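Everything on this sheet refers to the single structure shown next.
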Amino acid sequence: MKIAIIGGGPGGYTAAIRAAQLNAEVTLIEKERVGGTCLNKGCIPTKVLLHTSGVYQAAKNFESIGIKVTGTKLDWGEVQRRKTEVVNKQVKGVENLLINNNVKKISGEGSFINKNQIKVKESDGSQTIVDFDYGIIATGSKPVVIPIPGIDLPGVITSDEALNLTEIPRSMVIIGGGVIGSEFAEVFSAVGCKVTIVEMLPNIVANMDRDIVSTLVFKFENSGVEIYTDTKVVSISRTEEGLAVNTESAGKSRTFSAEKVLLAIGRKPVTDNLKLENAGVLTNKGTVAVNKNMQTNVSNIYAIGDARGGVMLAHAASSEGIAAVESIMGMKPNIDFNTIPYCVYTKPELAGVGLTEDQARDKGYDVKVGLFPMSINGKAMIEDEQQGLVKYITDNATGEVLGLHISGPGATELIVEGVLAVRLEATIEEITSTIHAHPTVAEALHEAAHAVHNKAIHLPK
Amino acid sequence: MAEFIVMPKMGLTMTKGLLTNWRKKEGDTVNKGDILFDVETDKLTNKIEAKTSGVLRKILVDKETVNILVPVAIIGTADEDISELLKEAKAEGSEKEEAQKKEAPQQEAPPAPVRKPGERVKISPRAKKTAEDLNVDYNLVPGTGPGGAITEDDIRKFAERPKAKVSPTAAVLAEQLGVDTAVIEKDTRIMKADVVKYKLDENLAKYASPQEYRQPMTNMRKIIAERMLVSVQTSPSVSFNIKVDTTGMKQLRDDLKDTFKVSYTDILVKIVSQVLLQYPLLNSSLDSEEILTRNYVNMGVAVALPEGLLVPVVRYANAKGLKDISREIKDLGERAKTNNLLPDELSGGTFTISNLGMYGIESFTPIINQPEVAILGVNAINKEPVVVDDQVLVKPMMNLSLTADHRVVDGAVAAEFLAKLKEYIEKPGLLLL
């Protein structure tokens, strides 16, 4: 069985290794470095920056926990060096894993010749033809650039460039208050940049539960980040001190000035140069259409991750990669898309799984919510991170856990409790009857579960 | 000591049986293993053996359908007093009947079958005892012993089988919906969706309320069934269709209308009787290795009745005028419907006509009425566009469907006969020649 995979991101390389485990002959085609957006331009490098910005912020309060610090100074060059080091180590790790699993890697840009052959243009100009029984498209996505006047001006950047800024800008307007925009707002505001977020929708991080997001909004507003929602960007122009973002909200015009403008309005699949038409694979506005096993309209070609649209998250892509391979190998994969957790690595961290309260109500559930604030959790107090909230969403009819939403310290780690609960169709009784360690932030989850039936121990009646 | 003989349970799904025949009379001596009586279930007849020796004192049930385990007879010694048992049987009989009546409309769906419906459950007494002790329904246990018999080990394994896990939400939902998750068949964890699906299926079954009814065949039905089966097993038959323009026949009927009303069937009986004389093979019978032909036609005309069908015969139809034929068919038909036909009027046919035209049927393959060798199916007359001299005309057309026994009638013969029939129907004046 010959499997060819185009794209070595978290979807593609995971699929390659899984296929190798199942004794397929695997060729992985990657035009840049393995690891894709996630390792090179996304999850990993942004989290390096966020770690530094978080510690740097915390350092300002070290005195309050009994550490006297003098001369705290941020070395942005060192931050960038460390980011590159972490990324390189991770990429090297993936490369070694691929070698270890006998995955053949070809560096170059792949395009379909027909439904059983891919042509790879290598960087030295040579060409290789890869024959395959099954192909997997895992080419990922890139930032969306909207066609408004001034979008080409120097200083208007996307997340790709924002990661590699050699100097911290004095000011930045971030267009788009989604996960990416919010995380960059966190990084740059923490290191001394004046940040303004302009969001077209009524809320930032609109896909997550509003109560959870409100804790982040509160924090942003108290740390000088300005947020303008329901605001549409009309154009960008050059001014003497930099750039001006011209916006419109409810018929009123408003201009925001900044040194840099970060475009963070979303991502779109990269499928343009694949010559999918040669294989007969259908797309919808550049997104490869697939069924629940990730199979395209051409039976031996699959598509996974951002290239097929859906949930553009690394962990979704790798699950889909495994599902595609297992389907090819005649197994019966089972992805439960309800269990995909959503994480935002701001301070406080945000994490959610399953349905938000609004979604659950829209679906017609008899919703019962359990809330518990971080501010009275002992461990959060000790760690001096008391901003946040835990929210369990349940179906009153059965007690089923429909969703868990957390903001606060370690939210992105703690969310796994909710992920398991949703996967196993746990009722809230399973959560309340499970003993949570003391003292932990996780106790807040336990209390939120009890709060569904107004039985939280540490909340007033 | 005297005891009851009961209707045995011979299969998983058997709830009642029809006792069709006693092999012993009251007062006969019975030895263990003797065949006592026959029981019909579905289409099978089962011979039931005596389990004890003695004298067959009293037959309680004969040619009757009763529930399983209902007493059907009393066996004992020759001079024993059986009055107590008789009393009990009487009481039980009325009780069972009541129960039967109550039970009938809500027959429960049988549990998941591990053997075919009606298949007998073989189980050793020890295994049966174990099943009772472990509270296992042995009907659900697959047997691994000789001939698929259930062994003690099978019962133990079944009792200890890993039960599918149920998600907590599914468990809550199942309780709310009154679903027993143990009956949901799934190897992996039972989730909410499985419970919902089970309930929906159950609701559908409740709403549809599926019921099956059993009733003994009438004599007429039995005879039809038997004859049709014998016919298809006897005759390698071929069916032929021909389209006929009925303008001429219609004209004839209309012309006669004011003098004497005749039906198309009447006219067809007249025509077919004439034409058959020219094609004696279609009017013949096969008698061992001889072909029996005739110089007369006894025309059977199929008559539909609410409970079946009869084929009264117009004797010597070839020698009768249209008026006589018409009167006779009418008379036979009426008497067929009031059950006043004489046996002679139902026998001796040499060919049969079956008309389904009044129902709009356009073609069918009738089954030969043995020992005849052919049957003509008459279909509906419909106005159709027909090309005549390169012109499209609208004509009343009718299909004739002939089934013939190829042992006697070859394709060419049947085709010639149909062609001739067509000629006569289209030009009924030929009858005058």
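A, B, ... follow the sequence lines: proteins, then strands. Residue 1 opens every chain. None of the values given here were measured: they were computed from a predicted structure.
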Neighbour count >12 (heavy atoms, 6.0 Å) for atom CD, B/E175: no
With no hydrogens and no angle check, do the side chains of B/S167 and A/E425 hold a donor and an acceptor under 3.5 Å apart? yes
Would one find more than 12 heavy atoms of other residues, nucleotides or ligands at under 6.0 Å from atom CD of A/Q21? yes
Tell me, for B/A174 versus chain A, whether the close heavy atoms (under 4.5 Å) come from the side chain, the backbone, both or neither. neither
If I take atom CZ from residue B/R189 and atom CZ from residue A/R423, how far apart are they, to the nearest 0.5 angstrom? 8.0 Å
Atom NE2 of A/H436 with >12 non-hydrogen neighbours under 6.0 angstrom: yes
Checking A/E400 side chain against B/A170 main chain: does a donor-acceptor pair fall under 3.5 Å? no
Test log, rule side-chain contact (heavy atoms from CB on, under 4.5 Å), inputs A/T398 and B/K192: CA-CA 10 Å; A/T398 58; B/K192 202 170 55 164; 5.6 Å; no
Other residues, nucleotides, ligands: >12 heavy atoms within 6.0 Å of B/K128 NZ: no
Chain B heavy atoms under 4.5 Å from A/E430: which part of the residue, side chain, backbone, both or neither? side chain
Whether over 12 other heavy atoms sit under 6.0 Å from B/K186 NZ: yes
Please name the pair of heavy atoms, one in B/P168 and one in A/L424, separated by the smallest distance, quoted to 0.1 Å. CD-O, 3.4 Å
For the OG1 atom of B/T169 and the CG atom of A/L402, what is their distance to the nearest 0.5 Å? 8.0 Å
